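First up is the structure itself, then whatever we jot down about it.
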Amino acid sequence: MSWVLVALLVVPLAGALMLLVPYGKGRLLRAHALTVSGVTFALSLVAAAAYGSDGAVGMRLVTDLAWVPWLNLRFHLGVDGISLPLVVLTTLLTFLCFVYMCREGADGPDRLPRGELGRGRPRALVFTLLLLEVGVVGTFLALDLLLFFVFFEVVLIPMYFVIAIWGGRARRAAANKFILYTLLGSVVLLIGLLFVWARTGTLDMVALASSHGAGMSRSAQTLAFVAIGVGLAVKTPMWPLHTWLPAAHTEAPTVGSVLLAGVLLKMGTYGFARIAIPILPEGAAAVAPWLGAFAVIGIVYGCLACLAQRDLKRMIAYSSIGHMGFVLLGFATLTPVGLNAALFGNIAHGLITALLFFVVGGIKERYGTADIPALGGGMLARLPHLASLLTFACVASLGLPGLAGFWGEMLTLLGAFDPAPGLSRPLFLTFMVLGGIGTVLTAAYFLVMLSRVTHGRPTETVHAPLLAAVGPAGTTANREAVAAAERVTEKVTADAEQVVEETMTGGEDSGPKDTATDDTGGATARRDTEGARGSGSPGGGGRAGGGRVRDVTPHELAAWVPLVVLILLFGLWPKALLSLTDPVVHSLLGAP
């Protein structure tokens with residue numbers, strides 16, 4: 001069955017290369033994207049079934065071929081209980097992203113929503129996402145240090161273009177910051193990997209892990225761990241190397257944010273579990289207190305930053321810094337409990353944050369904004385299904401028992417309560433207390449946000465009468481009107497007595513009109529500058545001119561429900577994941 005791992009790389013790569021030949025668009029392009037990503041996801045399930053659940057330790061489905069013989073470099077792939085869940089998560093989220101892009105009322109992949117994904121180029125977007133999938137899956141499968149680094153770097157270019165081409169208004173600056181930070185981190189990572197190669201004479205990750213640092217002094221291991229750790233920490237991201245993340249998430253399109261938070265951040269934490277800790281155990285023990293300190297600072301800092309945010313996407317981005325801080329704290333304990341918690345938290349964060357970004361993307365498409373005050377509250381009354389999904393994702397992220405987010409945080413704090421021998425227990429007890437404060441702050445910022453967005457009495461906003469007037473969310477009229485409204489809003493703030501209303505699908509004229517042109521060229525929206533206040537139903541998000549904003553669509557449900565099910569499954573049955581990771585964790589740590 002070793003062919004399965006090769007197929008996991010070949011299928012999306014071949015699917016991307018096929019798009020270089022202009023053989024069709026529209027339905028054919030959508031079918032191509034769904035088929036290629038669906039087959040890749042099915043192959044990951046075949047790999048999971050072939051892996052089994054007998055609890056045995058060691059790499060399976062191994063492919064080991066000569067790559068560059070004169071340098072003793074090998075194309076070495078394999079999967080175990082640490083990498084398998086991440087491979088399945090990557091292929092699942094990529095498939096769900098394509099399902100979401102093909103939803104009703106959107107223009108993508110030839111029906112991409114112009115307001116967020118659409119500056120056109122649907123074929124280029126599908127190509128880029130498939131290439132991104134190749135890099136991420138390859139990172140989780142590679143068992144050669146240099147091959148790992150190659151796949152690690154392949155990911156950067158597609159994500160750069162996803163942000164820079166299909167992102168928001170400040171997309172270029174966000175993309176440049178992303179690429180500069182991650183490339184500088186990669187340089188440091190490469191230096192650390194080459195240092196390990198120079199000291200041990202091998203790049204085989206399996207052999208290096210089984211030797212547990214033999215042949216390297218404690219000082220050499222510490223130096224290598226710092227270099228590798230810094231490179232991985234940028235991608236994680238760890239405070240204070242996190243500053244690229246909020247801008248990247250805020251400006252990225254919905255599918256870009258989903259993949260960035262769901263799987264790209266996991267490449268950094270996976271590197272700690274696969275390379276830094278098992279290969280450099282003495283270096284890990286020396287740096288663990290510092291790693292724990294930076295982790296808890298990130299937890300508290302991320303939570304406090306979330307309390308100050310007005311933009312939903314930016315708030316979720318800062319929440320990722322806090323949640324990944326729990327993952328790093330689990331690694332810092334150097335105990336089986338802590339490492340299992342970190343690996344569980346990886347998967348839980350990928351599922352929950354992907355759902356959060358999906359739902360917020362739907363909100364932004366309907367309202368024309370992700371600004372919390374501008375949303376106006378009362379979403380449960382306007383869009384009950386969308387608001388319920390947002391509430392579910394938030395309570396899962398804050399660690400409610402019975403949902404997946406609970407186990408990663410709880411087990412991390414348990415690991416900090418009793419760290420590995422040689423680590424200062426009073427210090428880690430302090431980390432545990434600070435982490436506990438972080439869980440309280442996490443609940444605070446999510447509940448505050450929900451009280452402002454989903455609960456309360458709906459209030460009039462600039463966007464509410466617009467949405468009520470233009471009809472179903474996702475239609476061409478809606479997108480064009482929302483784009484025009486964003487420009488008109490700047491004038492409205494200078495004159496608080498005027499309220500902007502745009503109509504593209506009907507409604508009666510009540511005053512002088514002029515036109516606004518959207519970003520995609522030529523389409524106009526009529527602007528009514530008089531009598532708009534009071535149009536629509538109470539709360540502004542209901543009816544006006546006979547239109548109504550649509551709640552969750554079937555395509556959105558198809559993309560989001562699998563995440564809801566998995567969050568519930570791992571929350572109620574954590575053994576489903578821990579039974580895979582626990583034997584491998586004990587082996588990597590040399591624990592009985």
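This one's a predicted model, so the numbers in the text were calculated from it and none came from an experiment. Nothing fancy with the numbering, it's 1 onward along the sequence.
- The main-chain N or O of Val87 is found under 3.5 Å from a side-chain atom of Thr91 such that the two form a donor-acceptor pair.
- Judged by distance alone, with hydrogens and angles left aside, the side-chain atoms of Lys177 form no donor-acceptor pair with the main-chain N or O of Leu245 at under 3.5 Å.
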- Query: Can Thr553 and Glu556 be said to form a side chain to side chain contact (heavy atoms under 4.5 Å, CB included), step by step?
  - Reply: CA-CA 5 Å; Thr553 66; Glu556 288 173 332; 3.2 Å; yes
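- No donor-acceptor pair closer than 3.5 Å links the side chain of Arg274 to the backbone N or O of Gly271.
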In a table with atom names and distances, give each donor-acceptor pair under 3.5 Å that connects a side chain of residues 391-404 to protein atoms at least two apart or in another chain.
unit_1	atom_1	unit_2	atom_2	d
Thr391	OG1	Ala387	O	2.9
Ser397	OG	His323	NE2	2.9

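- Within the 4.5 Å cutoff, the side chain of Ile321 has no heavy atoms near those of the Ile299 side chain.
- The CG atom of Leu34 sits 9.0 Å away from atom CZ of Arg30, with the distance rounded to the nearest 0.5 Å.
- Between Pro246 and Ala317, the closest heavy-atom pair is CA-CB, 3.9 Å.
- Considering all non-hydrogen atoms of both residues, Ala273 and Leu588 come closest at O-CD1, 3.5 Å.
- Two residues are said to be in side-chain contact when any heavy atoms from C-beta on lie closer than 4.5 Å; Met449 and Leu312 meet this criterion.
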- Could you walk me through whether Leu130 and Val126 pass the side chain to side chain contact (heavy atoms under 4.5 Å, CB included) check? CA-CA 6 Å; Leu130 290 176; Val126 176; 4.0 Å; yes
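- Side-chain contact, Tyr160 with Asn176: a donor N or O sits under 3.5 Å from an acceptor N or O.
- Between the side chain of Thr333 and the main chain of Gly330, a donor-acceptor pair closer than 3.5 Å is present.
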- Item | Working for side chain to side chain contact (heavy atoms under 4.5 Å, CB included), residues Thr581 and Phe344 | CA-CA 8 Å; Thr581 61; Phe344 195 102; over 6 Å; no
- Message: Run the ring-ring contact (aromatic ring centres under 6.0 Å, His included) test on His242 and Tyr301 for me, step by step, so that the C-alpha distance in whole Å, both residues' side-chain angles and the decisive distance to 0.1 Å come before the verdict.
- Response: CA-CA 11 Å; His242 67 283; Tyr301 167 83; 4.9 Å; yes
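- Pairing each heavy atom of Pro278 with each of Phe272, the nearest pair is CD-O, 3.8 Å.
- Using a 4.5 Å heavy-atom threshold, the side chains of Val136 and Leu86 count as separate.
- Gly345 approaches Val327 most closely through the heavy-atom pair C-CG2, 4.1 Å.
- Although no hydrogens or angles enter the test, the distance criterion places a donor-acceptor pair under 3.5 Å between the side chain of His555 and the main chain of Cys102.
- Residue Leu89 holds its CG atom at 7.5 Å from CZ of Phe140, rounded to the nearest 0.5 Å.
- Using a 4.5 Å heavy-atom cutoff, the side chains of His32 and Met18 are in contact.
- Taking the side chain as every heavy atom from C-beta outward, Met159 and Ile179 never approach each other to under 4.5 Å.
- Remark: the Tyr270 side chain and the Thr139 side chain contain no N/O donor-acceptor pair separated by less than 3.5 Å.
- Nearest heavy-atom pair across Met101 and Leu129 is SD-CD1, 3.9 Å.
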Review item, side-chain donor-acceptor pairs of residues 142-150, under 3.5 Å, at least two apart:
unit_1	atom_1	unit_2	atom_2	d
Asp144	OD1	Leu146	N	3.0
Asp144	OD1	Leu147	N	3.1

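- Note that CE of Met267 and CG of Asn346 are 12.5 Å apart. Values are rounded to the nearest 0.5 Å.
- Applying the ring pair (Phe, Tyr, Trp, His ring centres under 6.0 Å) rule to Tyr445 yields no partners; only residues at least two apart in sequence or on another chain are considered.
- Between the side chain of Ser83 and the backbone N or O of Asp80, at least one donor-acceptor pair lies under 3.5 Å.
- The side-chain heavy atoms of Phe326 and Leu413, taken from C-beta on, include a pair separated by under 4.5 Å.
- Shown here are the side-chain contact (heavy atoms from CB on, under 4.5 Å) partners of Ala174, two or more places apart in sequence or in another chain: Ile163, Ala247, Glu251.
- Two residues are said to be in side-chain contact when any heavy atoms from C-beta on lie closer than 4.5 Å; Thr269 and Leu265 fail this criterion.
- In this structure, Leu264 CG and Ser257 OG are separated by 11.5 Å, a value rounded to the nearest 0.5 Å.
- The ring of Phe357 has its center closer than 6.0 angstrom to the ring center of His249.
- Defined by atom type and a distance below 3.5 Å, a donor-acceptor pair is missing between the side-chain atoms of Thr182 and Lys235.
- Between the side chain of Arg172 and the main chain of Ala164, a donor-acceptor pair closer than 3.5 Å is present.
- Between Leu19 and Leu29, some side-chain heavy-atom pair lies under the 4.5 Å cut-off.
- Checked options Val11, Thr40, Thr90; the residue passing with Val137 is Thr90 (criterion: side chain to side chain contact (heavy atoms under 4.5 Å, CB included)).
- Distance check, rounded to the nearest 0.5 Å: CG of Leu203 to CG of Leu208 gives 7.5 Å.
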Side-chain polar contacts of residues 558-576 - donor-acceptor pairs under 3.5 angstrom, sequence neighbours left out - could you list them?
none

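- Put simply, OG1 on Thr412 and CH2 on Trp407 are 12.5 Å apart, with the number rounded to the nearest 0.5 Å.
- Glu409 and Thr439 share no donor-acceptor pair across their side chains, judged by distance under 3.5 Å alone.
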- CA sep, side-chain torsions, deciding dist, call: Phe358, Leu389, side chain to side chain contact (heavy atoms under 4.5 Å, CB included): CA-CA 10 Å; Phe358 269 139; Leu389 282 165; over 6 Å; no
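- Phe178 is linked by a ring pair (Phe, Tyr, Trp, His ring centres under 6.0 Å) to Trp244, counting only residues two or more places apart in sequence or in another chain.
- Considering Asp64, Thr63, Asp204 as possible partners of Arg74, the one that fulfils the side chain to side chain donor-acceptor pair (under 3.5 Å) test is Asp64.
- Leu241 and Ala233 get closest at one heavy-atom pair: CD1-CB, 4.1 Å.
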